[in-house]
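Note sheet for the following structure.
Sequence lines set the chain letters: A, B, ... in the order given, protein chains first and strands last, and positions in each chain run from 1.
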Number of protein chains: 2
Amino acid sequence: MSRSTPKSRIPVSSRNAAGAGRTAKLGPAAAGRYHHGNLRAELVSAAIKIVDRRGPDGLTIRLVAEQAGVSHNAPYHHFRDKGAILEAASISCINAMVDSLRRRLHRTRGNALDQLICMGVEFVRFAMEHPAEFRLIHRPELRNPRGGCCGDAPTSPVEAAWSNARQLLMEAVRRGQQDGIIRCGDPDMIVLAWWCLVNGFANKVLNFFDDKRCTNAPDPLVSAHALLEHLVNGIRNK
Amino acid sequence: MSRSTPKSRIPVSSRNAAGAGRTAKLGPAAAGRYHHGNLRAELVSAAIKIVDRRGPDGLTIRLVAEQAGVSHNAPYHHFRDKGAILEAASISCINAMVDSLRRRLHRTRGNALDQLICMGVEFVRFAMEHPAEFRLIHRPELRNPRGGCCGDAPTSPVEAAWSNARQLLMEAVRRGQQDGIIRCGDPDMIVLAWWCLVNGFANKVLNFFDDKRCTNAPDPLVSAHALLEHLVNGIRNK
DNA sequence: CAACCCTTGTTGACACTGTCAAGATAGGCT
DNA sequence: AGCCTATCTTGACAGTGTCAACAAGGGTTG
């Protein structure tokens, strides 16, 4: 009930992500001006900074505003509510994560299986290097309005950002199947297994994972590699 | 870091003499009696009820107190702060989850591999039937004071509750290895893979999982079964 | 039995949060 | 010029977690 305010006070123009095709100057951020010029983007980056420092739960609209140097209500002209800020920050983080996966993919010389392993390790590394952001992008309260589902209908922006990651993996799996090194079958299922394994492991590393760190596997990335080899052995064409 | 309130007010009686001439209005609530008798347990169950109804974020100390029929500050005599209530509720939920895993295990006739599959499906089922509780028990902000690590030192109560689940799985894996149906190797690693897969899948089902539900796999439990068979094929002794 | 004290409950208060309402300002439009 | 609208401001309010002080009652001790 606490977040049931459909009354949008946001001007329609600012709903379009990243005001494209504007003739405004938006040169240097211009600190002392009444109209900020690029506040929305700055709020998002401020939010990410705060999440990094104090965790997703430590994020406060008023803190974000303060960090951006505006009054505590200025954000409401760019985001409907706190959830919308979280959502925008999440999308930014998801994109960063997908980018790092993609870069890793392009740097990997081996076959599709090697690529799957490398991307998995990269995913875990991202989680370890940006734990707060990793937790942020997995928050269930992010809007995912279960709306357009089957037919590529308009999904939520968060959903769209995630689908980029899925696409990267799907392509790798399909490529592996075409090359004959990954056995046939629903690629969706393989991606799903990859995703669950990697994601579950990253979560575990961030949450309750003292035991592995203490006994024999000093580096979670090594464990991640082993786990992924496990998976890869299962889908390899024999 | 964010929740560092070492100032415990719990057992410290507020021994202040002060004005003895006041007469307070007699117990407004509390079902008649001033001293509840079993408030702590009732607070925990009230908290779980609220989490079920409004999600972990919807839980409020004042709501918990109201649901239990006491004043908004009564919980502070049983829990240090809100986090402690969450923690107690989590432990209760984790125990419930472990119990259902154990029951499922005892009802399974097959070998260790079958048991691992059945427990995995059961885990996903628990997540689907109690999504709020499932999310609750995975909250990273639950106390896990990274303290006693290697030598079975006193860990957090939450950690202890989780370790029961791990023990169930470890036993199954070891049994399978003794029976020769699970290949040799670090059982820890196998449990880890099982855990990551099942946990990641359950998370995915609860969060962003419209696609599978719409295309070809109507029931997530079927997908879970397929995934677990995948895993089991990887660890089977050949 | 009375005196006492500790645990458990109560009310009151405070700072902080998300959000609404209404006023102020600036840049672009007619 | 004068106005329009998006943007930013101050002000207010209900909820929240938590601290402080006070009250009731059961148990312990004389």
Side-chain angles (χ1 to χ4, degrees), chain A residues 1-16 19 22-26 30-40 42-43 50 54 57-66 68-86, chain B residues 2-43 50 54 57-66 68-86 141:
Chain A
M1 276 313 198
S2 60
R3 184 165 297 150
S4 61
T5 339
K7 221 197 302 189
S8 171
R9 150 174 62 335
I10 311 174
V12 183
S13 68
S14 69
R15 289 244 185 80
N16 295 341
R22 300 253 334 264
T23 56
K25 57 211 78 177
L26 41 88
R33 307 227 311 271
Y34 191 92
H35 282 84
H36 186 285
N38 197 21
L39 183 54
R40 192 194 144 94
E42 190 154 329
L43 288 172
I50 292 171
R54 320 170 51 132
D57 283 327
L59 185 131
T60 282
I61 288 193
R62 292 164 118 104
L63 252 182
V64 173
E66 183 186 18
V70 291
S71 78
H72 71 274
N73 258 342
Y76 280 92
H77 289 277
H78 298 272
F79 301 97
R80 180 172 14 176
D81 54 17
K82 185 183 179 182
I85 297 183
L86 262 310
Chain B
S2 58
R3 181 165 297 143
S4 58
T5 340
K7 244 195 289 187
S8 171
R9 145 180 63 341
I10 305 177
V12 181
S13 61
S14 51
R15 67 284 165 258
N16 238 2
R22 309 274 283 280
T23 35
K25 42 250 279 327
L26 301 189
R33 306 223 312 273
Y34 192 92
H35 282 85
H36 186 284
N38 196 22
L39 185 54
R40 192 195 144 94
E42 189 154 329
L43 288 172
I50 292 173
R54 321 171 49 136
D57 283 326
L59 185 131
T60 282
I61 288 193
R62 293 164 117 103
L63 250 182
V64 173
E66 184 187 17
V70 291
S71 77
H72 71 273
N73 258 342
Y76 279 93
H77 288 279
H78 298 271
F79 301 97
R80 179 173 16 175
D81 54 15
K82 184 182 179 182
I85 297 183
L86 261 310
E141 66 265 27

For side chain to side chain contact (heavy atoms under 4.5 Å, CB included), just list the numbers for A/H77 and A/L39, CA-CA rounded to whole Å, side-chain angles, deciding distance to a tenth of an Å, and then say yes or no. CA-CA 10 Å; A/H77 289 277; A/L39 183 54; over 6 Å; no

Could you go through B/E42 and B/V70, starting from their C-alpha distance and side-chain angles, then the distance that decides it, and tell me whether this counts as side chain to side chain contact (heavy atoms under 4.5 Å, CB included)? CA-CA 11 Å; B/E42 189 154 329; B/V70 291; over 6 Å; no

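Among the nucleotides D/dT9, C/dT11, C/dG9, the one closest to the side chain of B/H72 is C/dT11. The side chain of A/R62 has D/dA12 as its nearest neighbour among D/dA12, C/dT8, D/dC8. Of the candidates C/dG9, D/dT18, D/dC8, the closest approach to any side-chain atom of B/H77 belongs to C/dG9. Comparing C/dG9, C/dG18, D/dT10 by their closest approach to the side chain of A/S71 singles out D/dT10.
Regarding B/D81, its CG atom lies at a distance of 17 Å from the C1' atom of C/dA15, rounded to whole Å. Regarding B/E42, its CD atom lies at a distance of 10 Å from the P atom of C/dG9, rounded to whole Å. Atom CZ in B/R40 sits about 14 Å away from atom C1' in C/dT8, given to the nearest Å. Going from atom OH of B/Y76 over to atom C1' of C/dC14 covers 13 Å, rounded to whole Å. Following rounding to the nearest Å, A/I61 (CD1) and C/dG18 (P) show an atom-to-atom distance of 5 Å. Computed from coordinates, the B/L63 CG to D/dA14 P distance equals 18 Å when rounded to whole Å. Distance A/I50 CD1 to C/dG18 C1': 15 Å, rounded to the nearest Å. In this structure, the CZ atom of B/F79 is 12 Å from the P atom of C/dT8, given to the nearest Å.
With hydrogens and angles ignored, no donor-acceptor pair closer than 3.5 Å exists between the side chain of A/R80 and the base of C/dT19. Contact annotation: side chain of B/H78 to base of C/dG9, donor-acceptor pair absent below 3.5 Å.
Here OG1 of B/T60 is found 10.0 Å from CD of B/E66. Values are rounded to the nearest 0.5 Å. To the nearest 0.5 angstrom, A/L43 atom CG is 6.0 Å from A/I85 atom CD1. If you take CG on A/N38 and NE2 on A/H78, they are separated by 9.0 Å, rounding to the nearest 0.5 Å.
Distances shorter than 4.0 Å separate some side-chain N or O of B/T60 from OP1 or OP2 on D/dT16.
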